[in-house]
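Worth knowing before you read on, the calculation uses all heavy atoms, side chains too, and leaves out hydrogens, waters and symmetry mates. Below, chains carry the letters A, B, ... as their sequence lines are ordered, and counting in each starts from 1.
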4 protein chains.
Amino acid sequence: MSSSSGPQQRRGDTRQRIQDVALELFAEQGYEKTSLREIAERLEVTKAALYYHFKTKEDIIISLFDDLTGPVDELIEWAQEQPKTLEMKREVLRRYSEAMAAGASLFRFMQENQATMRELSIGETMKRRLFLLVGLLQAADRPLEDQVRCVSALFTLHAGMMFLQHVEADPEETRQAALTIAMDLITQAHSHE
Amino acid sequence: MSSSSGPQQRRGDTRQRIQDVALELFAEQGYEKTSLREIAERLEVTKAALYYHFKTKEDIIISLFDDLTGPVDELIEWAQEQPKTLEMKREVLRRYSEAMAAGASLFRFMQENQATMRELSIGETMKRRLFLLVGLLQAADRPLEDQVRCVSALFTLHAGMMFLQHVEADPEETRQAALTIAMDLITQAHSHE
Amino acid sequence: MSSSSGPQQRRGDTRQRIQDVALELFAEQGYEKTSLREIAERLEVTKAALYYHFKTKEDIIISLFDDLTGPVDELIEWAQEQPKTLEMKREVLRRYSEAMAAGASLFRFMQENQATMRELSIGETMKRRLFLLVGLLQAADRPLEDQVRCVSALFTLHAGMMFLQHVEADPEETRQAALTIAMDLITQAHSHE
Amino acid sequence: MSSSSGPQQRRGDTRQRIQDVALELFAEQGYEKTSLREIAERLEVTKAALYYHFKTKEDIIISLFDDLTGPVDELIEWAQEQPKTLEMKREVLRRYSEAMAAGASLFRFMQENQATMRELSIGETMKRRLFLLVGLLQAADRPLEDQVRCVSALFTLHAGMMFLQHVEADPEETRQAALTIAMDLITQAHSHE
DNA sequence: AATGAATGAGCGTTCATTCAT
DNA sequence: TATGAATGAACGCTCATTCAT
């Protein structure tokens, strides 16, 4: 049985569908303003059905981050083993930009719901990761300007994703442009040595 | 007597006190998660008292933005009358950075509650302002990289304010550093001509 | 002092204005749905001002009925002293119809807010009056049909006022027509003797 | 066991029980003055339970009218297809009187809460129906007296139901008497031709 | 003759969650 | 794998009313 790809999937794609719809709505309206009733209605199931698949509302959102944390964790682990060279940092930015592209709507959600994230367990988790990343990019012994440059590099990636979505240009192209600027910034942060 | 701490010492400053407490709580927990009951309790008045001073919950937050909109509007107006030179843009960044410093907690609130802001009338207003600012910094006829640099300049200011608050350094110093980087970015965006 | 008509009226017409506006709004929206805030706003005074002139909301409506009760009470008193002839009943209908024309909006209010009236002290009062009137028109020793006719005569007056207000015709003309029918009914109720 | 009075004997009739209690209270105190808390308490459920069965308070009252609208609609449809003869009008009165008897408490509620009905969606609907009925009874080319007679016929039915409820007589008998008078009126309206 | 400031009670409504079936 | 029915807590908001000034 279980005709094609994953385990236990025959008609049991409900869990996945809940996640899809939830992400869609969370991204659109925010986490707090999205009610389980809304999610259930859009799926044409009852609220109780959601509780068969997830223990709480927070559980739904936590599950959404599961796909994201993997690649980022690997990135962090990898980086921690490398020497703190410019080239390593460039690689970090490159891969981080890719991860963002893959989980764009999730990143946007995070960006737009920081206050909410702060009281979600997953929020703390993600924030710690971000700090780790900043720590990896940072050169603590450099002048404040260069430190800001490093942070700004990361932020530029976010800026590229968020703000420029309202712009006419091709998303991928925009992402590349943002990556370029981020690279510039990190390079400058190193060039004054 | 009873100069400071009695239960009924102040007269006529209730409106202001509501604003103070509201800002505090909105910034801490987000707009949605802060209930009027909470605000009222902290002020030791009833919920109904809030409604004597403000017509709705949204009205409270709108009033908080009143001090902010003035300076930013003036900045935009001024900039629109200037020629689009590099020097003008530098001045815009300078003054915007100052406005942010003055209304820091409000800016942080905006940053952290974007999803919420989107459905507040004031959200649209602020967003339009931001777009105007970006438009003023932008050089539409330039390569995509330079355009991103302009946006990134603005975002760097935000980054400076938000992210580096978790850092040990002096806030004012940090702001200056962020301003410097933003200046660099805008200058670079012009230098390839 | 007190230049022209009533006692204490120089600039002290506020009480009257409250009554006017209240009647207007009560008639338009019902008693319950009309708030003191609304009345106060339309008069451009504060709610507290209303409480200077009237002790409660109910007091306002009671005062509105004051002009009405006089004529109706007199009518009842007069009728109770007369013998129960047809001619007396015709006179009752005539004068009642007149009273209704004078206090039309109040009558309409009563008609449309019976459920409300029932729990207002004034409601009981008015209802007792109505029953007295019906009793005066009634001939208890007649067949049920004739009794209904008597009630219907009174109702026809109300019907004339209420329902035909939505009709193109002249109000006074309509009232006369309704009076005629009511007369017919009461006459028929007597003719089978 | 526990056949009738236990705290949890019925299953699946809650919706019906809500309607029963609501009608009872609405009729007794009016729509506005009846709170959902009151309804819930009398049913020994929570307010939230009401919302499982009805989307809003207005929804409850709308549902109460559902049984009524059917027969009346059919009556109107039927009448619209008939020629405007006296016999047709007599049939309309007959059937309308029957419909009223079936939904007596609802009709009484309407009569007593007209001001409320006016702002309920269902109010408009019912009013339109009433006007249609009057239009069907009316003979627009007749003298004003005869037009009033037609309206009065309908009102007599209402009068019969409402006012005479306070009277000792048998309701059905009273209804028949009122119907007779209404018939008289409509017949008279035609007899002067 | 009126206001400014506030209250206490209550409203209709929504929410995340539970549990027997 | 789900549903039907319900709950308890909270929410934003409005109301008639009070009272010192």
State which of [options] makes the closest approach to the side chain of [X].
X     : options                : result
D:T14 : F:dA6, F:dA16, F:dC13  : F:dA6
B:R37 : F:dT17, E:dG4, F:dA10  : F:dA10
A:S35 : F:dC19, E:dC15, F:dA6  : E:dC15
D:Y52 : F:dA5, F:dG12, F:dA2   : F:dA5
B:A48 : E:dT13, F:dC13, F:dC15 : F:dC15

Residue mapping more 5' on DNA chain E - nearest nucleotide basis, A:K55 or B:R15: B:R15
Can you work out whether B:K57 or D:A49 has the more 5'-proximal nearest nucleotide on DNA chain F? D:A49
Identify, between D:T46 and C:Y31, the residue whose nearest nucleotide on DNA chain F lies closer to the 5' end. D:T46
State whether the distance check finds a donor on one side and an acceptor on the other, under 3.5 Å, for side chain D:K47 versus base E:dT13.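 Yes.
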When you compare the side chain of B:T69 with that of B:V72, does any pair of heavy atoms fall below 4.5 Å? no
Under 4.0 Å between a Lys/Arg side-chain N and an Asp/Glu carboxylate O for D:R37 and D:E41?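 Answer for the salt bridge query: yes.
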Side-chain donor-acceptor contact under 3.5 Å, C:Q111 with D:Q111: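 There is no such pair (donor and acceptor under 3.5 Å, judged by atom type) between the side chains of C:Q111 and D:Q111.
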Establish, from distance only, whether the side-chain atoms of A:Q29 and B:E119 form a donor-acceptor pair under 3.5 Å. no
Would you say B:H53 reaches E:dG4's phosphate, i.e. side-chain N/O to OP1/OP2 under 4.0 Å?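 No, outside the criterion.
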